[in-house]
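Read through the structure below, which is laid out as structure tokens, and then see the notes.
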Amino acid sequence: MPAQVPQGTSASAAISREELQLATRNHGMPLEALRWPVTPVGLHYLLIHYDIPMVDAGAWRLEVGGLVRRSRSLTLAELKSRPQVTVPVTMECAGNGRARLSPRAVSQPWLVEEVGTARWTGTPLWPLLEEADVAADAAEIVFTGLDRGVEGGVEQRYERSLPVAQARREEVLLVWEVNGQPLPPQHGHPLRLLVPGWYGMASVKWLARITVVAEPFQGYQQARAYRWRQDPDEAGVPVGPIAPRSLMIPPGIPEFLTRRRVVPAGPCLLEGRAWSGWGPVVAVEVDTGDGWRPARLDPPEAPHAWQAWSYPWRPPASGEYELRCRARDASGREQPPEPPWNLGGYADNSPHAVQVTVAPAGASG
Ligand SMILES: Nc1nc2c(c(=O)[nH]1)N[C@H]1C(S)=C(S)[C@@H](COP(=O)(O)O)O[C@H]1N2
Ligand SMILES: [Mo]
């Protein structure tokens, strides 16, 4: 923990009114929704920096310009007539885990549930840019949303860029459907970018403009937010791929206020899901109080979809337990006990812990 608390961070445990205001607008996925391999739309997490814009899809156009030989202005119907793919993708907010840090960035105070997996339908991005004929000296592609606001004292549209090498990945899509429905307002109606394997900030919603540029983009969401930094004066390193994480479906039933779980005595199957943007998850382990033990792990349904895991637990006695899970991916990255602190509060992927009371044998479940 740094000796001095930088501006824009809070050392106090209490959540401020401003943080609560953000938390009621941007909700996480209730952990019991981990049961669904594809998250029902209303249970998918939401992160909206400014206001949800109301967009008339009939009047809307996607402008493609900048360093291209053929600028384009496309209707939704034109985009939908292009080659179409549907793919399950797990998306997670880079700030997931932020509220567990101390001191923490004063921002959306996420705990662990800022994730969801949806079946997205759209068309690959790069062929569209190839048709526009991208200049040889292009460095990045900038994606501009329709939503506007003020952040860090800067009035802006939500805008992010991708280096050309990322934008060329065939799984990067322009999507107009989620789980078989047109994108609802909160998820980017009528079109969003989808960057599988990267934290959600890259997947720009309410997409209006794609601009090819020769220099690294210096917009707020690129050059100031979403960077690994210890200090506000540091330039930092951009946040990109999703670090490995696993979550557990909380077993039994919750106590209303604390959400502590109450589980009947006897065998208890622990289940959950795990994912990483650095390759498939190759191992999930569970600690029920006596060390890490391997869980059973399913393969992913698609390269960027989460994987189901399970672990048969036999509580040795009634009483209080803390259950934890952790994942390791094919790149060798593993959920650390304590991730390195950073100013923005990004990617705290320390293990998910669930507090459980096992009822005495013979007690009614
Ligand atoms: N235009 C726009 N795109 C955006 C955002 C935004 O505020 N405006 N939020 C980003 C962030 S930080 C995340 S985590 C994801 C959340 O996507 P979802 O709300 O569909 O789950 O959208 C990203 N795309
Ligand atoms: Mo996010």
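When a ligand or atom number is given, it counts from 1 through the structure's own listing order.
- Between Y158 and W206, the distance from one ring center to the other does not fall under 6.0 angstrom.
- Side-chain contact annotation: Q108 with E114, donor-acceptor N/O pair under 3.5 Å absent.
- Looking at I210 and E63, their side chains never come closer than 4.5 Å, going by heavy atoms from C-beta outward.
- Using a 4.5 Å heavy-atom cutoff, the side chains of V281 and S246 are not in contact.
- Residues with a heavy atom under 4.0 Å from ligand 1: H44, Y45, L46, L47, I48, H49, M91, C93, D147, Y158, H187, R192, G200, M201, S203, V204, K205, W206, Y226.
- The other members of the hydrophobic cluster of F256, by chain and number, are L257 (side-chain heavy atoms under 4.5 Å, ILVMFWY only).
- Using a 4.5 Å heavy-atom threshold, the side chains of H44 and V41 count as separate.
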